[in-house]
Amino acid sequence: MKEIHDFTIIDRQQLGERYFSLTLQHGGTMQPIAPGQFVEVRVEGEPGVMLRRPISIHDVDETRGTLTLLIQIVGNGTRRLAHLTIGEHLNLVYPLGHGFTTQMPTGSRVLMVGGGAGIAPLLHLAKVLKTKAVNSTVLLGGRTADLIPVREAFQPYAKVGIATDDGSLGYKGLVVDHPDFVGTYDIIYTCGPTPMMKAVARSAAARGIRCEVSLENMMACGVGACLCCVTDTDEGHRCVCKEGPVFDISTMKKWYQQ
Amino acid sequence: MLAVKIHNLELKNPVLTASGTFGYGEEFADFVNLNRLGGFIVKGTTGTHREGNAYPRMAETPSGMLNAVGLQNGGVDKFCSEVYHRIKHLDTNIIVNVSGSSIEEYCEVAGKIDALEHIPAIELNISCPNVKKGGMGFGTDPQMAAQVVAAVRKVYHKTLIVKLTPNVTSVVDIAKAVEAAGADSVSLINTMLGMAVDVERQRPYLSTITGGLSGPAVKPVAVRMVWQVAHAVTIPVIGLGGIASAADALEFLMVGARAVQVGTANFIDPAVTMKIIDGLDDYCKRHGIKDINEIIGII
């Protein structure tokens, strides 16, 4: 069930200049959250910012009743959120959207490909997949090594590969050119910049590998009411907020071939 | 204390939700008790399935937003055979927003909705700014507006609300024309035609270049237009445009709206309608008002 709730910020980490994470405590019983679902954050105290901001859920601790958001500073809304400090409240509408498929047979070989802020939902996914006894690899790409602290969080759950545009860490180049990208997999999950996800989807389709992409369109309502955030699919316009953000590429040919 | 009447419609309170901002009600069922609403107005429904406009369809602007959804919906037959059966049991007024590109299409949709027992009213959308042959052409000319309303009046026998556009020189002329043609009520304002430019990319934010502005930014214009129309027609007026609080709703009621619609505010606080109803209740208690009708049109 979705709810509107005031969370309390219990931790804040700055990750390079452009990213930060906020860990939020529910204080009561938090709703169950599936990997790939997102929250709509109310931004207060910033004139000109009216709409909530959709943010991926990076990590979930059901026992403690906490969730972590990994946020990239892109505009007035996220810049305001970057100024929040421990102890302040943040109003969320959550959990929203349709997440990743996590019902995979034991021993499945899975690949997660994240780029920039798109790395965010993959940590929760990797943790949940770990409980399914699958064999996980994660490839993290970024312009620079800003998101390196996040890499360590993945290490207990997956084999981790890194690609940076500037070669400041790991493979120098695109994540889709990383040597581990071309391995044999049963499913590939991806979230990140659109050109990266389309390249991943095209490669997966060509290799006959099942693939799920997590899109990030501009949104207003977050619940499938306003129809502002639609993406092209082979079945017509679909709401990223409700029918997505995760889509199986079997219905997305029109999108990834563009 | 909060009950009001729009023609034959009995509303528990004057709070409705605006078409296109509340889906089919179901999307908000986790956040609000739908049965507490005076009613809700479902998404614009056309004769056939429509895909709507290309993405991007939305841009945030100061205290408002532009949209260019373009009437994406599954068509009237899908509404009647699927959606209707999921929501018809609700104990509130479910009103269907009827849209189209021709008089024939408006009549076809209205006729099919007329047959649905649990839909007591339609809102005729002659004011959508986001489709090429859509609606707004009818809503900007008094004779055209009267023509479509008269045609729908012949096939629709329950409460007929006509939604007006602010994108005209005289909204009063349009309101009088649709009243004379048989409308039971008018609702206003639909979105104001607007535009915003992304200067970094050097192009408009919306795929359609222009779109409809909604949110608190339009409220003073809406209050003014509702006040003008309420003084010019005898049928009940429903006010909307930027309502986000009980105080906003009260402004519209005081200038003559018999009911209000909450739109864009649902995106910011999905439970805002409940707070507005509670706020109206509280206001009446604080001011010793026994019947909300006492303050309707006092200005």
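Everything numeric in this text was worked out from a predicted model, so none of it was measured. Per chain, numbering begins at 1; letters A, B, ... match sequence-line order.
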Self-check item: Contact origin within A:Val93 toward chain B - heavy atom pairs under 4.5 Å
Solution: side chain

Quiz item: Is the number of heavy atoms from other residues, nucleotides or ligands within 6.0 Å of CD (A:Gln257) greater than 12?
Solution: yes

Exercise. Using a cut-off of 6.0 Å, state whether more than 12 heavy atoms not belonging to A:Glu62 lie near its atom CD.
Key: no

Quiz item: Just by modelled atom types, is the A:Val230 backbone N or O under 3.5 Å from a matching donor or acceptor in the B:Arg57 side chain?
Solution: no

Quiz prompt | Options B:Pro62, B:Pro270, B:Ala271, ranked by heavy-atom pairs under 4.5 Å with chain A, top entry | solution = B:Pro270

Quiz item: Counting heavy atoms not belonging to A:Arg12, are there more than 12 under 6.0 Å from its CZ?
Solution: yes

Quiz item: Tell me, do A:Met50 and B:Thr61 make a side-chain contact under 4.5 Å, heavy atoms counted?
Solution: no

Quiz item: Do other residues, nucleotides or ligands put more than 12 heavy atoms under 6.0 Å from A:Gln258 CD?
Solution: yes

Exercise. Could you check A:Cys221 against B:Glu27 for side chain to side chain contact (heavy atoms under 4.5 Å, CB included), going step by step and ending with a plain yes or no?
Key: CA-CA 10 Å; A:Cys221 75; B:Glu27 293 85 346; over 6 Å; no

Practice problem: Work out which heavy atom in B:Ile268 is nearest to a heavy atom in A:Arg52; give both atom names and the distance. | Solution: O-NE, 2.6 Å

Exercise. Please name the pair of heavy atoms, one in B:Gly23 and one in A:Ala225, separated by the smallest distance, quoted to 0.1 Å.
Key: N-CB, 3.6 Å

Exercise. Show your reasoning for whether side chain to side chain contact (heavy atoms under 4.5 Å, CB included) applies to A:Lys2 and B:Phe31.
Key: CA-CA 7 Å; A:Lys2 298 184 276 284; B:Phe31 309 116; 3.6 Å; yes

Quiz item: Around A:Ile10, counting heavy atoms of other residues, nucleotides and ligands shown, do more than 12 lie under 6.0 Å from its CD1?
Solution: yes

Practice problem: Please state whether the side chain, the backbone, both or neither of B:Phe28 comes within less than 4.5 Å of a heavy atom of chain A. | Solution: side chain

Exercise. Check for a donor-acceptor pair, side chain of B:Tyr55 on one end and backbone N or O of A:Met218 on the other, with a separation under 3.5 Å.
Key: yes

Quiz item: Rounded to the nearest 0.5 Å, how far apart are CG of B:Asp30 and CG of A:Leu96?
Solution: 10.0 Å

Quiz item: Heavy-atom count around B:Lys78 NZ within 6.0 Å, excluding the residue itself: above 12?
Solution: no

Self-check item: chain B contacts, top residue of A:Cys226, A:Pro47, A:Gly48 (heavy-atom pairs, under 4.5 Å)
Solution: A:Cys226

Practice problem: Let me know if A:Asn217 has heavy atoms under 4.5 Å from chain B in its side chain, its backbone, both or neither. | Solution: both

Quiz prompt | Residue B:Pro56 versus chain A: region with a heavy atom under 4.5 Å | solution = side chain

Quiz item: Once you round to the nearest 0.5 Å, how far does CG of A:Asn91 lie from CG of B:Asp269?
Solution: 7.5 Å

Quiz item: With side chains defined as the heavy atoms from C-beta onward, is the minimum distance between A:Cys228 and B:Val69 less than 4.5 Å?
Solution: yes

Quiz item: Any donor and acceptor pair, going by atom type alone, linking the side chain of B:Glu60 with main-chain N or O of A:Leu51 inside 3.5 Å?
Solution: yes

Exercise. Specify which of B:Ala54, B:Gly64, B:Ser63 makes the most heavy-atom pairs with chain A at under 4.5 Å.
Key: B:Gly64

Quiz prompt | Donor + acceptor pair across side chains of B:Arg50, A:His237 (<3.5 Å) | solution = no

